[in-house]
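Computed from a predicted model, the values in this text were never measured in an experiment. Per chain, numbering begins at 1; letters A, B, ... match sequence-line order.
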Amino acid sequence: MKSAEFRSTVWFGNGERGERIVGKGLLVAAAFARQKRAPHLSASTGVRVKLTLLRTFELVGDGTAISLPMSVQRVVAFIALCRQPRHRAYVAGCLWLDTPEERAQANLRSALWRLRRGGYPLIRATASQLQLDPAVEVDLHEAEALAASALEDGAGPAADVDLAALDGDLLPDWYDEWVLLERERFRQLRLRALDSLCDRLARAGRHREALEVGHAAVAAEPLRESAHRALVRVHLAEGNAAEAIRQYRLFRKLVSEQLGIEPSARMEALIQGIDASVTAW
Amino acid sequence: MAAVGEPDRIGVLVIRAWLEEEEGVPGGLRARITETLDVAAPSPVEAVAASEEQIVAIVVAWLRAFTLRADEPMADGP
């Protein structure tokens, strides 16, 4: 495990820009082993194909990175995000919004041809519809399943949590509308999952893991008070009042400098009652 | 979320807004705004806000910057 600083680039209303250290903690991605899954093999080729959409676009076939032109990457990513068969005209229309329909369809056919030429039949294509081959492993789909399980009512925390799966945005440097909407939907899902996971781990007495999850939630959105409160609660549950105070002060400084506000009464109530000798530190 | 401009120059501004729970009910407005003036050469900048007025000011400033930039000649154009 590596120690890391979580930084946030900010731009204030008065035009000033800056970078803030918003928290310090463990690099959560390295803290947990990934859950083992049986490899998915394409029925037609027997090739194992893994598609990465979180943090960056990456396609790997049988352990070898497959390079695709941007136009083909967009087709693959779009169809992977659809999760169900889509008409060719719909796909072409969404991907080439400002292009005449005939030209958009031709662009789509060209992209599909380039993909097939590479020998990796990622997309099942009929005359009218397109669908991702179910054998393709998609990291986003796995992360969504993990988040859903973390949000299940009454479920306890898994014995081995794959936190790395909840530690990245969907294609962060893509600006297509269909990516923006999916990115925000997944971002909300993972934030809620991290909050839930942090609470469940703390209730189960797994404080070290709860702290790692809590730090991941803070790193995802440093201004969410609920994530900072969860960290304060975990420190207090551990009996570590000094760390609880440190986290509280970090949050108070953050919202004061960036938003010009104070922590809420709920946050203040959390640290009230802590031994005065600790708060004087 | 907004996307405006000519097809070959598109700016994007994303407002992530949420309400912090206060006294058990949703209360304080918070927002993180990510903006870029040209998605073809993205240089995303983030701003944060804690009121409707601050959010509106940031959006207006971005629109002004985008409009001014739209008057500039294209770097790769004729």
- Query: Where does Ser51(B) contact chain A at under 4.5 Å (heavy atoms): side chain, backbone, both or neither?
  - Reply: neither

- Note on the structure: From the list Arg55(A), Arg183(A), Arg187(A), side chain to side chain donor-acceptor pair (under 3.5 Å) with Asp169(A) holds only for Arg187(A)

- Message: Atom CD of residue position Glu101(A) - does it have more than 12 heavy atoms of other residues, nucleotides or ligands inside 6.0 Å?
- Response: no

- Query: For Ala49(B), is it the side chain, the backbone, both, or neither that has a heavy atom closer than 4.5 Å to a heavy atom of chain A?
  - Reply: backbone

- Query: When you check the gap from the basic side-chain N to the acidic O, do Glu225(A) and Arg252(A) get nearer than 4.0 Å?
  - Reply: no

- Item | Portion of Glu184(A) that has a non-hydrogen atom of chain B nearer than 4.5 angstrom | side chain

- In a check of salt bridge (charged side-chain N to carboxylate O under 4.0 Å, His left out) between Glu221(A) and each of Arg32(B), Arg30(B), Arg16(B), which one passes? Arg32(B)

- Measure distances from Ile261(A) to the heavy atoms of chain B and classify the residue's part below 4.5 Å as side chain, backbone, both or neither. side chain

